[in-house]
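Encoded as structure tokens, the structure appears first; notes follow it.
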Amino acid sequence: IDCQIKLNQNESPFDVPQFLKDKILTKLKKTKWNIYPDFIPDDIYIKVADYYRLSKHNLLIGNGSNEMINTILTATLESGKKVVIPTPTFTVYNLISSNLNAEIELIPLNKDFSFDVESIAMASQDVGSVTILCSPNNPTGTHLSKSQVEYIVKKSSGIVVLDEAYIHFGGESCLDLITQYDNIIILRTFSKAFGLAGLRIGFMLSNVDLIRELAKVKLPYNLNIFTLLTISEIFDNIEIVLDNIKEILKEKKFLEEKLNEIKEIEVIPSQANFFLIRVNNAKSIFDKLVENGILIRDYSSSKFLENCLRISVGTREENIKVTETLKKIFM
């Protein structure tokens, strides 16, 4: 669907500034394209690891966090192996697990979209199981506290994968748990807060032993020269990203206030850069927004998400347009 305003994929509303693009492209022109990139690009690994105050040996960078999810599940799952997935959540976990013929145990979220921690912890006790948690969760925006994650990690007899794709916008990071437990892997992405969705860059953080084993499964030369140059420049100009996060959080507050002014809309409190809303006749509302050049995400036909729509936080202009249009639709 072609719409002028696109608030359906939780992307950053801010592109990389032109001066930084020019700098990256100038360096790219001077780089040999006929030569493979470094097998292990140490300088990039050190730069990213230093930012998170970890060792480069705690890190694995990939072609989007989807590749990292695929790497973890390919290494750990096989036919009959159990994967525990709270639901509704990011669909890629289920997709890859199904492709690997794993035994999938879906744990429904509570009615308020909070996590059923006890049921997740109980299900994760099977030896060799993999438990996948998304916090803040997509598409609900709800999150697990650090103590809840730690409880699940302690109870688990397998690996716990914690996807923190939206952690820059809320929730509680569990990064320091990777040095305390040997069975937790944390996923991060450059697609959301860093504004690099078009480049497909993600990474995982874990203890040295797990990273070493997972590195054996990762495809070789998975980071191209353009990606490597971009990561390097972004971390050299990290204040741009931090300023954008502040702006997104400001706009998130504005969007939430405006959505809450519309009595026909139930807004689910969110720790992410989007809001899940519940309305009557969600499909009709979605279609009317499209007619007005606004694209959001329609979840109304999904189990547990009946009559739900998801709206990404946009620029001030986009946030005003979507909320004013919704007000007119409900008039």
remark   = d(I167 CD1, S173 OG) to nearest 0.5 Å is 5.0 Å
query = When you check the side-chain N and O atoms of N94 and S98, is any donor under 3.5 Å from an acceptor?
reply = yes
ask   = Among T87, T89, L144, which residue meets the side chain to side chain contact (heavy atoms under 4.5 Å, CB included) test with N137?
value = T89
key: same_hphob_cluster(Y151, I132) at 4.5 Å side-chain heavy-atom cutoff   = yes
message = Between S156 (side chain only) and I152 (backbone N and O only), is there a donor and an acceptor less than 3.5 Å apart?
response = no
ask   = Does the side chain of K146 come within less than 4.5 Å of V149's, by heavy atoms?
value = no
message = Can you confirm whether more than 12 heavy atoms, excluding those of L242, are under 6.0 Å from its CG atom?
response = yes
message = Is it true that, when you exclude K6 itself, more than 12 heavy atoms of the residues, nucleotides or ligands shown sit nearer than 6.0 Å to its NZ?
response = yes
Within the 6.0 Å centroid threshold, strictly below: F190 and F203 = yes
ask   = Which value, rounded to the nearest 0.5 Å, describes the distance between L100 atom CG and L95 atom CG?
value = 9.5 Å
inquiry  = To check you understand the geometry: which heavy-atom pair defines the closest contact between I61 and Y45, and what is its length?
reply    = N-OH, 3.0 Å
inquiry  = Counting neighbours of CD on E239 that are heavy atoms of other residues, nucleotides or ligands and sit closer than 6.0 Å, is the number greater than 12?
reply    = yes
Under 3.5 Å donor-acceptor, N319 side chain and G314 backbone = yes
request  = Kindly give the heavy-atom pair with the smallest separation between T71 and V217, and that separation in Å.
outcome  = O-CG1, 4.0 Å
request  = Please find out if less than 6.0 Å separates the ring center of F235 from that of F194.
outcome  = yes
ask   = Which atoms form the tightest heavy-atom contact between S97 and I85, and what is the distance?
value = OG-CD1, 4.2 Å
inquiry  = If I take atom CD from residue E266 and atom CG from residue L259, how far apart are they, to the nearest 0.5 angstrom?
reply    = 12.0 Å
task = For K216 and E213, run salt bridge (charged side-chain N to carboxylate O under 4.0 Å, His left out): C-alpha distance rounded to whole Å, both residues' side-chain angles, the deciding distance at 0.1 Å, then the answer.
result = CA-CA 5 Å; K216 295 174 184 176; E213 293 307 307; 3.1 Å; yes
query = Can you name the residues that form a side-chain contact (heavy atoms from CB on, under 4.5 Å) with S300, not counting sequence neighbours?
reply = A282, K283, D298
Without placing hydrogens or testing angles, list every side-chain donor-acceptor pair under 3.5 Å for residues 104-111, not counting sequence neighbours.
residue: E105; atom: OE1; partner: K82; partner atom: NZ; Å: 2.8
residue: N110; atom: ND2; partner: S114; partner atom: OG; Å: 3.0
residue: N110; atom: ND2; partner: F115; partner atom: O; Å: 3.3

task = List the atom of N307, the atom of N281, and the distance in Å for their closest heavy-atom pair.
result = OD1-N, 3.4 Å
ask   = Is there a path from L309 to F330 through hydrophobic residues (I, L, V, M, F, W, Y) whose side chains come within less than 4.5 Å of each other?
value = yes
query = Would one find more than 12 heavy atoms of other residues, nucleotides or ligands at under 6.0 Å from atom CG of D2?
reply = no
key: Test item: D236 and K47 side chains (from C-beta on) under 4.5 Å apart, heavy atoms   = yes
message = A side-chain contact here means heavy atoms from C-beta on lying under 4.5 Å apart; do F169 and F274 qualify?
response = no
query = Do E67 and K218 pass the side-chain contact (heavy atoms from CB on, under 4.5 Å) test, and can you show the C-alpha distance, the side-chain angles, and the key distance before you say yes or no?
reply = CA-CA 8 Å; E67 188 204 354; K218 176 189 71 68; 3.9 Å; yes
task = Report yes or no: do Y166 and N10 form a side-chain donor-acceptor pair below 3.5 Å?
result = yes
inquiry  = For a side-chain contact (heavy atoms from CB on, under 4.5 Å) check, start with the C-alpha distance between W33 and L28, then their side-chain angles and the critical distance, and finish with the verdict.
reply    = CA-CA 9 Å; W33 293 17; L28 190 64; 3.9 Å; yes
request  = Using a 4.5 Å cut-off on heavy atoms from C-beta on, say whether the side chain of V161 contacts that of Y93.
outcome  = no
query = Is I46 reachable from L205 through a run of I, L, V, M, F, W or Y residues, each pair having side-chain heavy atoms under 4.5 Å apart?
reply = no
query = Do other residues, nucleotides or ligands put more than 12 heavy atoms under 6.0 Å from the OH atom of Y36?
reply = no
request  = Indicate the atoms forming the closest heavy-atom contact of S312 with L255, along with that distance.
outcome  = O-CD2, 4.1 Å
inquiry  = Side chains of R310 and N138 only: does a donor on one sit below 3.5 Å from an acceptor on the other?
reply    = yes
query = Just checking, any donor-acceptor pair under 3.5 angstrom between side chains of K81 and T76?
reply = no
message = As an exercise, state the distance from CD1 of I96 to CG of N66, rounded to the nearest 0.5 Å.
response = 6.5 Å
inquiry  = Just so I know, are the side chains of E264 and L326 near enough to count as touching, which here means a heavy-atom distance under 4.5 Å?
reply    = no
query = Same cluster for L20 and L25 if Ile/Leu/Val/Met/Phe/Trp/Tyr side chains link at under 4.5 Å?
reply = yes
message = Is there a side-chain contact between L162 and V153 in this structure, where contact means two heavy atoms from C-beta onward sitting under 4.5 Å apart?
response = no
key: Lys/Arg-Asp/Glu bridge criterion (N-O < 4.0 Å) met for K253, E256   = no
inquiry  = Using side-chain heavy atoms (C-beta onward) and a distance below 4.5 Å, is D116 in contact with P86?
reply    = no
ask   = From K56 NZ over to D43 CG, what is the distance, rounded to the nearest 0.5 angstrom?
value = 10.0 Å
message = I234 and side chain to side chain contact (heavy atoms under 4.5 Å, CB included): which single residue from L196, I201, L229, L199 fits?
response = L196
key: E261 with K258: basic N within carboxylate O range, under 4.0 Å   = yes
message = Strictly distance-based, threshold 3.5 Å: is any side-chain N or O of S129 a donor or acceptor partner for the main-chain N or O of S124?
response = yes
key: Spacing of L77 atom CG and E103 atom CD [to the nearest 0.5 Å]   = 11.0 Å
query = Transitively linked via ILVMFWY side-chain contacts under 4.5 Å: Y52 with I231?
reply = yes
query = Counting N and O atoms only, with roles assigned by atom type, does the side chain of K252 sit under 3.5 Å from a partner on the main chain of A272, one being a donor and the other an acceptor?
reply = yes
ask   = Can you tell if the side chain of E150 reaches within under 4.5 Å of the side chain of Q180, non-hydrogen atoms only?
value = yes
query = Counting only N and O atoms by type, is there a donor-acceptor contact under 3.5 Å from the side chain of S232 to the main-chain atoms of L228?
reply = no
task = Report the C-alpha distance between R316 and E247 in whole Å, list the side-chain angles of each, state the deciding distance to 0.1 Å, and finish with yes or no for side-chain contact (heavy atoms from CB on, under 4.5 Å).
result = CA-CA 10 Å; R316 177 58 59 97; E247 195 63 28; over 6 Å; no
query = Any salt bridge between K288 and E291, counting N to O under 4.0 Å?
reply = no
ask   = Do you know the tightest heavy-atom contact between T142 and P269?
value = CG2-O, 4.3 Å
